[in-house]
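A short write-up of the structure that comes next.
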Amino acid sequence: MRQTLIDLADNPNFISGIYNYCDRWCERCPFSSRCMVYATEKEDDDGDPEARDISNEAFWRKLASIFEETKQMMVDWAEEAGIDISQVDEAANERMEKRRSDAFKDELAVAATKYADTVTKWFTGFDQVVNATDQAPNEADIQEIERIEEAREVIHWYQYQIAVKLMRALSSRSDEADWPDEMDDQPKDSDGSAKVSLIGISRSIGAWRLMQMCLPEMVDSIKPMILELERLRQRAELRFPEARDFVRPGFDEVLGDAN
Ligand code: SF4
């Protein structure tokens, strides 16, 4: 029988909020069995091969039913927090919009978006070279191809996420500027989001280095991207000096530096 969101939320095995500061790579996540979002998605995967297809009507129906289930939870959360969610603050909405758009134009976000574009161009050129090779691969080549594919998967996973998470960090930082002084020592979403981006940057650098090791003839064309990422990492660390200290639920609590 399908469990509701409310049933799932009551499961003590789940780590509260773990999905807020992860990279959404559930296939590779060491905590999928302790994540409510993952469990919810599994509940929705009812064997229909098209259930995950974004254009599939069943998908949207399920999403709508989750929204209905969430409504009651939102009312309860708002009550707990003493917030009246029936009041819409137009000025606050406009402020938020402005902050989103400022974050989008920030030099960090621009640099991260530029990196994502460079990656697309690099792989377009790389695929052309690979497709032009008509030699059948031998056993050693196959192993090398697997390593390259693995590195490529990592690079693509974080390619856009690095920018997205930095934009979120920047925009959350502006929101946090409105916080009252007594909230100063609270964990900040800006730091958590910046940390997720920094982890994506480090992993991408590692993956590009792996590509270089597999493809010595591409070392020079890969080098600028590694340097671009390193510059981005250093600038992000400077702008978010507290990011590394942010404790992500689950990941940092359980794995510490091993993730
Ligand atoms: S915590 Fe893990 S399982 Fe949950 S959404 Fe994030 S990556 Fe997926």
Side-chain angles (χ1 to χ4, degrees), residues 2-54 56 58-70 73-74 77 112 116 119 149-169 171-172 186-207 210 229 233 236 240 243-259:
R2 185 178 184 276
Q3 287 180 284
T4 66
L5 257 190
I6 295 166
D7 297 333
L8 288 170
D10 283 342
N11 184 337
N13 185 43
F14 292 144
I15 298 173
S16 168
I18 189 168
Y19 40 80
N20 285 329
Y21 299 100
C22 67
D23 60 11
R24 287 301 173 113
W25 202 345
C26 304
E27 260 175 64
R28 300 234 170 171
C29 181
F31 288 107
S32 56
S33 64
R34 305 197 57 193
C35 172
M36 191 175 86
V37 166
Y38 184 79
T40 313
E41 285 176 6
K42 256 179 53 181
E43 281 291 312
D44 284 348
D45 191 356
D46 55 5
D48 173 359
E50 292 182 323
R52 282 169 183 261
D53 184 344
I54 209 155
N56 187 295
F59 173 86
W60 294 113
R61 269 208 300 269
K62 280 173 186 161
L63 210 55
S65 87
I66 289 175
F67 172 68
E68 287 304 320
E69 288 169 15
T70 311
M73 293 171 85
M74 289 192 288
W77 293 335
V119 172
E149 280 309 312
E150 206 168 57
R152 182 180 184 141
E153 205 186 350
V154 174
I155 292 163
H156 283 319
W157 191 264
Y158 296 109
Q159 178 180 357
Y160 295 101
Q161 193 180 94
I162 291 170
V164 169
K165 292 290 177 186
L166 279 177
M167 286 179 210
R168 173 163 166 166
S171 126
S172 290
Q186 293 291 310
K188 297 188 176 64
D189 180 71
S190 56
D191 289 328
S193 301
K195 185 168 192 175
V196 177
S197 184
L198 285 167
I199 290 168
I201 293 174
S202 307
R203 289 180 177 174
S204 302
I205 291 176
L210 194 62
L229 280 171
R233 186 189 69 73
F240 296 95
R244 292 283 182 192
D245 298 331
F246 183 93
V247 179
R248 293 169 304 147
F251 296 96
D252 295 320
E253 291 165 339
V254 181
L255 298 179
D257 290 339
N259 66 105

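Side chains are part of it too, since the values below use all heavy atoms of this structure and drop only hydrogens, waters and symmetry mates. Just so you know, ligand 1 is whichever comes first in the structure, and atom 1 is the first atom listed for that ligand.
- Under the side chain to side chain contact (heavy atoms under 4.5 Å, CB included) rule, R248 has a single partner from I18, N20, I199, which is I199.
- Within ligand 1, the atoms closer than 4.0 Å to a non-hydrogen atom of C22 are 1 (S), 5 (S), 6 (Fe), 7 (S), numbered from 1 in the order shown.
- Within the listing of ligand 1, atoms 1 (S), 3 (S), 4 (Fe), 5 (S) sit less than 4.0 angstrom from a heavy atom of C35.
- At most 12 heavy atoms of other shown residues, nucleotides or ligands fall within 6.0 angstrom of atom CD in E27.
- Taking a cut-off of under 4.0 Å to the non-hydrogen atoms of R24, the atoms of ligand 1 that pass are 5 (S), 7 (S).
- Put simply, part of W25 is less than 4.0 Å from ligand 1, judged by heavy atoms.
- Because the distance cut-off is set at 2.8 Å, C26 qualifies as a neighbour of atom 8 (Fe) of ligand 1 through one of its N, O or S atoms.
- Atom 2 (Fe) of ligand 1 has C29 SG, 2.3 Å as its closest protein atom, hydrogens excluded (heavy atom only).
- Ring geometry for W157 versus W25: interplanar angle under 30°, hence parallel rather than tilted (30 to 60°).
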Steps toward side chain to side chain donor-acceptor pair (under 3.5 Å) verdict (D252, Y21): CA-CA 10 Å; D252 295 320; Y21 299 100; over 6 Å; no

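- The S32 neighbourhood of ligand 1 comprises atoms 3 (S), with distances under 4.0 Å to a heavy atom of that residue.
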Salt bridge (charged side-chain N to carboxylate O under 4.0 Å, His left out) between D23 and R203, worked out: CA-CA 11 Å; D23 60 11; R203 289 180 177 174; 3.3 Å; yes

